[in-house]
Amino acid sequence: MIVADQKPIEEILQMLEPYRKVLFLGCQSCVAVCMAGGEKEVGLLAAAVRLARKQQGRPIEITEGAVKRQCDDEFNEPWAQTIQQHEAVLSLACGVGVNKLSERFDVPILPALNTRFFGEVERQGVWAEVCAGCGNCILHLTGGICPIARCAKNLLNGPCGGVRADGTCEVSRNGPRPCAWVMIYERLGKLSQRQNIENIFAAKDWSSDRHGGPRKRVREDMLLET
Amino acid sequence: MSEIKHGSVAVVGGGIGGIQAALDLADSGFYVYLIEEGPAIGGRMAQLDKTFPTNDCAMCMLSPKLVEVGRHPNVQIITLASVESLEGRPGNFQMTIRQRPRYVDITRCIACGRCIASCVYQDTKFPSEFEVGLGKRKPVYIPFPQAVPLAAVVDPQTCIFFKSGRCPQNCLKACERGALDFTQTEKLFMLEVGAVIVAPGFDPYDARRVGEYGFGRYANVLTGPQFERLLSASGPTSGKVLRPSDGKAPKKIAFIQCVGSRDLRHQRYCSAVCCMYTTKEAIVAKEHDHQIEPTIFYIDLRAYGKGFENLVKRARAEHGVRYIRSMVSQVTEIPETKNLLIRYRDESGSLQEEEFDLVVLAVGMGPSAKGQELARRLGIELNEHGFAKTSAFNPVMSTREGVFVTGAFTGPKDIPETVVQASAAAAAVEALLAPVRGTRTHAKDYPEELVPDGTPRIGVFVCHCGSNIAGVVDVKSVAEYAKTLPGVVHAENVLYTCSQDNLKHMKEVIREKRLNRVVVASCTPRNLAALFQDTIREAGLNKFLFEMVNIREQCSWVHSDQPEQATEKAKRLVRMGVAKARELKPLSVQSVRVSPAALVLGGGLSGMIAALTLGDSGFETHLVERSAELGSDLESADVQGLKAKLLDAVRVHPKLRVHTNTTVREISGFVGNFSSVLRSPQGEERIQHGVVIVATEAYEHKPSGYLYGEDARVLTQRALEKALTPQASPGLFTVPPAAARCTVQAEPAEDEAHAPRAQGRGEGQLGKTIVMIQCVGRTERRPYCSRICCAEALKNALTLLEQDPDRQIYVLYREMISYGFFEDLYRRARDGGVVFIRYDEQSPPVVCKENDQLLVTVRDAHLRQELVIKPDLVVLSPGVVPDPYNEELSRLLKVPLDSHGFFVEAHIKLRPVDFASHGIFLCGGSHAPGTVPELIAKAQAAAGRAAIVLSRGQLEAGGIIASVDPEKCTACLTCLRECPFGAVFINEQGLAEIEAVKCQGCGICAADCPAKAIQLGQFEDAQELAMLEELFRPEQVALKALTPSPLPRRGEGERGRG
Amino acid sequence: MTNDEPKIVAFCCHYCAFAAADLAGVLRLKYPPNVHIIRLPCTGKLDALYLLKAFEAGADGVIVAGCLEGSCHFISGNLRAKKRVLVVKSLLPRLGIEPERLEFFNLSSAQGDRFAQIAREMTERIKSLSPMRGEESESKSGVDAL
Amino acid sequence: MESNLQRALEAKKFVVTAECGPPKSADRRVIEEKAKLLKDWVDAVNVTDNQTAVTRMSSLAACAILKSWGLDPVFQITCRDRNRIALQSDILGAYALGIRNVLCLTGDHQSFGNHPQAKGVFDLDSVHLLETVKKMRDEGRFLSGDELTGERPAMFIGAVENPFAPPYEFRALRVKKKVEAGAQFIQTQIVYNIQRFREFIARVGDLGLLNKVYIIAGVSPIKTPGAARYMRDNVPGLDVPNEIVARMEAAGKGIEDKRARAEAWRQEGITICVEIIQQLKEIEGVSGVHIMAIEWEEAVPEIVQRAGLSS
């Protein structure tokens, strides 16, 4: 799932500064699941913005809505007329939704979210990055634990020396997290597959990652044009 | 049996025990007469501020029960009534009742208080029974604000009209409802009942009789029950702890324990609850006022129940409560300050004097005087202490067949034990009267529901409540205003909306004006909403198309000094109510069939009792036991008779199916409809059942150290018990249930090695000098009191002495937990020469060996010196631990375990044998350690609670529950993770769905659903937001269209704008 | 509703705070008439949106009152509500609204006096703040008439 | 063979290397001062590469300065700031400047430095870098396989390992991977816990690596008890036993004069360091010590002398 955060309200208010009539459009997919951009958040954010603007003495008119998936034109299309009746759209989708709407409509599409990462639900209210979408998976060798996403240095031959005595990583944004390589080592032990990492992993071909430029996937047989 | 005639039951006593028994019976198909001496039900619990060990608010727990029993169609509450006589036989009793006049017609009284205000006595003058004399009342009064029945009462003892005959009777004139009636006279009438449950409770010991503490003479000496009222927010001081003498806040408060208890001059037995209620009062006092320094003087600190130890720890550590182990010899008052001087010996034995601002006496539980009279009239026997006589093996059976006893009438008890016994007594009655179940109860018929059309047609009824509302609020203008609101097609003001004539009128208006929503603006919905809902249902409307606006308790009564403001507020509240009503939707209630069978897990004492009770009540019951035989926990010789009887009864019972060598592999479903797979060596079998009872037991812990297992002269109390030929009569004492299983199954070799050798020595060969060590291995990991070990040690010590009076027996203990009547054993043991040596938790006794001589070294906490004993035998009390199988059951049933591995009940006070998950009940030692009678009562209670579900045949599901809009659900699992009741599941479409039967209607899921896919019936967002929008809407702003549009919904957007 | 009295919404749990408000009535305790109670089955039902909507609708203060901790009829509803209130409380100043205008309370059904006291104290507390900006502009335009 | 360090190791000398941190300025005199201080006492000098991700003078340039003063520099190069193109280019340049030793590291994470906003590169990890240098040297090819068109960088290749970070059993295996990748010598994290270090060496020995790679144990004198406590409590991958902290604390006890107390602490720190070196000397398979006297280079001569290592 794509995990996103709502931008700070101050930043959103600043973005909306020039407008008096705005559509707040949520997305009921990933960002709803990660509680950043579903219908509930649309309602909350709209109420907050209306309140703030009322306090500033510059009321704003907000229409609220949410679509099933903002990354598909077909879901957005029913909103075409509504979108055009507004000065701007504040999209509560991931960056994909903002791009998608921008491609289609000549109205400023503003991002309400910061799109963060591909994540798992660690427990309710906590999402963790576990896949970096590098395009070249080695999870079968590392016990299903991705060193690219879960090691701060993307090491392929870790762990580095910065492992704390309790096995957590010295780079600890948002609290201690286990060193990916300690996890890999322990997991492979359980699976009796330690030999997987006794040999040297080759230097990674990053061309499959976004470092190789914007990516596209094509399924020839599914193309409709002849 | 032709004799079983009446499907009705008399419950005598309207305290928490009587209420619980009445509700259980009424819910399972019996008609109940709830007979109460006083003017209102509620009993002692209503007077409490908080309850231990959780310090929950007593009234918050009790009040919903009061309302429930008060409104129950199959319960008739008869107040101011006493039993005159009881004739007949079980199943066919004739009970004569004498009812004193109330001088108030409760069908007319609306508890407005005008009669009280107008009484010729300007000031409250007479001591209030409810306030235990601390507060005052008038001759006409309402017993307490939450009383049921909620009506005034006239006390002829103090009413001047009755005393002198000369009174202007202002009250009669003041009552707008004509409810007062001084012509009422005493009535005698007869009830036909199949059985009787007697629950008259206890009398607090009269502290005046313990003269040395000066109660009644010194103003600042109070009793525990009085102090409880001081702490209560609704008490005489509004919850402020103030001294009676000068109204000042006391700083140093002394609590004196065992006032009247454990005292040959007074009550010999221990009152069982005072240590804990005092601890609670000390904590709550401290919470009210941090300046307070509480000191508790005690003899033994008896924190033996579930969660008790923890409360005491918190009292010491977090609240700084000072505990002093000392008997206070005297309290004297310092005349100038009215402070109190307490003289006591401290633990080093030196005499101390300390001054306190307030003294609270922990008075014990005495047998109820009225209960004793009642016993005489009912023809049941009392025991030597004046409590009801019961059999150890049927703790709720009196000496007269068909008459059951419960609660503190059978001995000192706390609330959960009382509730357990109440449910147990109800279960016993159900079993007795099973053939006539449902013959006296009635269900109401309603017309078919009209299907409302889309446009709201709202009727608004604004209540005067006599002058209660109309005296402050301009009711007429509120009704006029209501007419202007969108959707309202009828509005009127009514003198009493709840009166029978108005209810009839309401139904007519609904039909004539084709109303499809009704708003009543009157008093609190907590009392009367159900009445109005019932009324509109009688008129063919769905009962959820109703909204109640509280303009009495939350308007006229609190703003009586600002009538104009109150009127404006009433308008706003009505406007909100109407706004919500416009959005209301009919909600459906479906019936779910109940599989009329039970699954009982655990074939020990508790499991057998529960299964037999259910079987006797007519329900097919599967009794599942992991091991090869039932009752293997019943090992002690004194319960062999019981065991044989139970095994026989189980074997021949036509309703029971016994599955030994069987485990449960899977349990699915919900209350009323469980489906389980049982696995045995014969294969797997799937069974359908409506309820589950978890009845696993607890084991004697296997001790380590103390040379146990190394020297055959060191054994456990259980092993000793086996080695002794029991002399005592059954019922006097108890054994730890299932304890044997540990020794027999877990460590057979070792135990056999002990027992035969001990036995080999036989009587008299156990040695002359015997040391018993209590609380063996009670550590941080097992910090709870096992409750039963002290009594067991005392019993064995007495048996040893009976065999050979020359024996020297030492009992090394931390606290002597001989609660209730076990105190007799303690006293007899002391009289018999048993030496009791108390040791501190920090310095436990040490057992070692020197040249084959056992040596026990102990530091006597009282003498503060080390003693060395050379015993022939060392007996250990290692406590009990819950069945390790509980962990698996906990996972299978999704029911919680506490940190020690015991199951956690739904509510420690009021639902002690229920799990929070509906349809699953618990009993047995794995719930909490207990004596045989305690476990039997718990097993009966669990069976009784389970029988309520089974007896219904159908369960109602729906109404105010949450539901998921599958169009919007993104299956994020938030609801599934949050639901406290496990009501959410992911359906075959991969979307969240809510099991209607399990949903309790809290709305947590609806509030957190990120896709806004969940709504809670009657509290939908559209309804709540409509109220908010209307609340402060300035009049000039145009009214919204009749059907306000909520958030543009995704579906609409997609289809509508496409 | 007088213009100088702050307008307050109190979201109350049916089992405790609502019952406490009833008890305040039974005891005839006084509190300002601008405090309006909305009954919830449990404060667990309280959507954070209601809090913002209450301010949007013109409330000057919002009270949320649930059961004492550990006493929730639905096990954890009051704890969920408390967290939501804290989140909205931290949001308010960023919208230009004093966080003191919103408060969460735990009380039992027996605390009628405490309910009245809370109602009075919140009223006083909000009086001490400068009026909400939105209200000002509305009053200026003469719309607020009630 | 142009590496002094390699020569000394092959001659079975118990070598001493020291560390030189470049300045946070463009001042070459700082390097020169340190060069003068260390010149006669050590076999080689490591130059750190923006250590702890704090920006300093380039390691390559500082190495060149040391070289010009006649020292044998060890060029520390990290993967944090350079991708594979830059890494290989710097190796070539270093060799051209006469630098003969290279120590390949992954590098401290940028979040610990003075530019936590920086983008970390981590294109390769240290093992890959070892392979790359080895390939350039032995096969005359770049990592991509493309050929070098002339002189190859004949570097003496080193790596690091931390015996004191979990998983402890894996650390020796990681040495093995590094040796296979091309490491000829290993410089370790600072040793305070001799016991754990012995276990590490034993494991390395069990893998048959001790005759394939030179192990140079890291040591470092402690200046103050505060520093000891800080290292014990706050630096991941350092294992400072309590007794060492206690010794440092005891050293200053009762000394009122601040200066005298500081001096007592320093003396005790150096004594502890010397004692550790003496124990390390006794461990078979340890070929020398690497003295990391961070910003306290003047202690190095005293340590070397007192440990009886002076050449």
Side-chain angles (χ1 to χ4, degrees), chain A residues 132 134 136 138 142-143 145 147-174 176-190 193-212, chain D residues 52-53 78-80 83-84 87 105-112 116 120-132 135 143-144 159-171 173-174 176-182 188-190 193 196 207 218 232-239:
Chain A
C134 73
N136 189 3
I138 53 159
T142 56
I145 295 159
I148 305 298
R150 299 171 80 163
C151 166
K153 299 174 179 173
N154 327 130
L155 297 187
L156 282 165
N157 294 290
C160 73
V163 187
R164 294 199 182 96
D166 62 356
T168 57
C169 175
E170 61 173 347
V171 183
S172 55
R173 235 189 327 187
N174 316 114
R177 289 189 68 184
C179 162
W181 275 97
V182 171
M183 286 167 74
I184 291 169
Y185 181 76
E186 283 170 3
R187 168 102 174 127
L188 291 179
K190 276 189 206 141
Q193 291 179 359
R194 289 242 169 102
Q195 73 279 5
N196 287 6
I197 53 167
E198 284 180 15
N199 298 319
I200 296 167
F201 273 92
K204 190 170 176 64
D205 176 358
W206 288 104
S207 66
S208 60
D209 179 82
R210 55 172 310 285
H211 291 282
Chain D
T52 64
T78 68
C79 302
R80 177 190 58 233
N83 65 11
R84 58 191 84 187
L87 287 167
L105 303 102
T106 300
D108 291 326
H109 197 267
Q110 61 277 7
S111 58
F112 299 105
V121 179
F122 300 112
D123 174 14
L124 301 183
D125 67 20
S126 57
V127 176
H128 300 138
L129 181 55
L130 289 163
E131 281 184 319
T132 306
K135 195 168 184 177
L143 179 61
S144 61
V160 296
E161 190 48 69
N162 183 357
F164 308 106
Y168 304 111
E169 317 83 63
F170 192 62
R171 294 292 164 179
L173 269 171
R174 214 158 163 265
K176 186 171 177 234
K177 286 174 80 165
K178 289 189 172 181
V179 171
E180 280 167 15
T188 76
Q189 176 62 288
I190 303 167
N193 185 338
R196 179 150 276 162
L207 294 173
R232 179 189 63 191
D233 301 331
N234 299 335
V235 183
L238 267 187
D239 182 345

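Chain letters run A, B, ... following the sequence lines, proteins first and then strands; every chain starts at 1. Side chains are part of it too, since the values below use all heavy atoms of this structure and drop only hydrogens, waters and symmetry mates.
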TODO: Working to the nearest 0.5 Å, report the span between NZ of K176(D) and CG of N199(A).
DONE: 7.5 Å

TODO: Can you measure from SG (C79(D)) to CG (L155(A)) and round to the nearest 0.5 angstrom?
DONE: 8.5 Å

Task: Atom group of D239(D) that falls short of 4.5 Å from chain A, counting heavy atoms - done: neither

Task: Closest approach of W206(A) to R84(D) (non-hydrogen atoms, all atoms of both residues) - done: CD1-NH2, 3.6 Å

Open item on the list: Within the 4.5 Å heavy-atom criterion, are P159(A) and P167(D) side-chain neighbours or not?
Closed with: yes

Task: E198(A) to K177(D) - nearest heavy-atom pair and separation - done: O-CG, 3.1 Å

Open item on the list: Below 4.5 Å, heavy-atom pairs only: which of K178(D), R171(D), Q189(D) has the largest tally toward chain A?
Closed with: R171(D)

Open item on the list: As an exercise: rank A165(A), G167(A), C179(A) by heavy-atom pairs under 4.5 Å with chain D and give me the winner.
Closed with: A165(A)

- [ ] Tell me, for F112(D) versus chain A, whether the close heavy atoms (under 4.5 Å) come from the side chain, the backbone, both or neither.
- [x] side chain

- [ ] Please name the pair of heavy atoms, one in P236(D) and one in E170(A), separated by the smallest distance, quoted to 0.1 Å.
- [x] CG-CB, 3.6 Å

Open item on the list: Can you tell me which portion of L129(D) sits under 4.5 Å from chain A's heavy atoms? Options are side chain, backbone, both or neither.
Closed with: neither

Task: Contact check, side chains of I197(A) and F170(D), non-hydrogen atoms, under 4.5 Å - done: yes

Open item on the list: So which residue, G120(D), S111(D), P166(D), A181(D), ends up with the most heavy-atom pairs under 4.5 Å with chain A?
Closed with: P166(D)

Open item on the list: Testing the basics here: between H109(D) and K153(A), what is the closest heavy-atom pair and its distance to 0.1 Å?
Closed with: N-CE, 3.6 Å

Open item on the list: At a 4.5 Å cut-off on heavy atoms, which part of E180(D) comes close to chain A: side chain, backbone, both, or neither?
Closed with: both

TODO: For H128(D) and N157(A), work out which heavy atoms get closest and say how close.
DONE: NE2-ND2, 3.2 Å

Open item on the list: Testing the basics here: between A203(A) and L124(D), what is the closest heavy-atom pair and its distance to 0.1 Å?
Closed with: CB-CD2, 3.4 Å

Task: Over 12 foreign heavy atoms within 6.0 Å of CZ, R232(D) - done: yes

Open item on the list: With a 4.5 angstrom heavy-atom cut-off, is it the side chain or the backbone of Q110(D) that approaches chain A, or both, or neither?
Closed with: neither

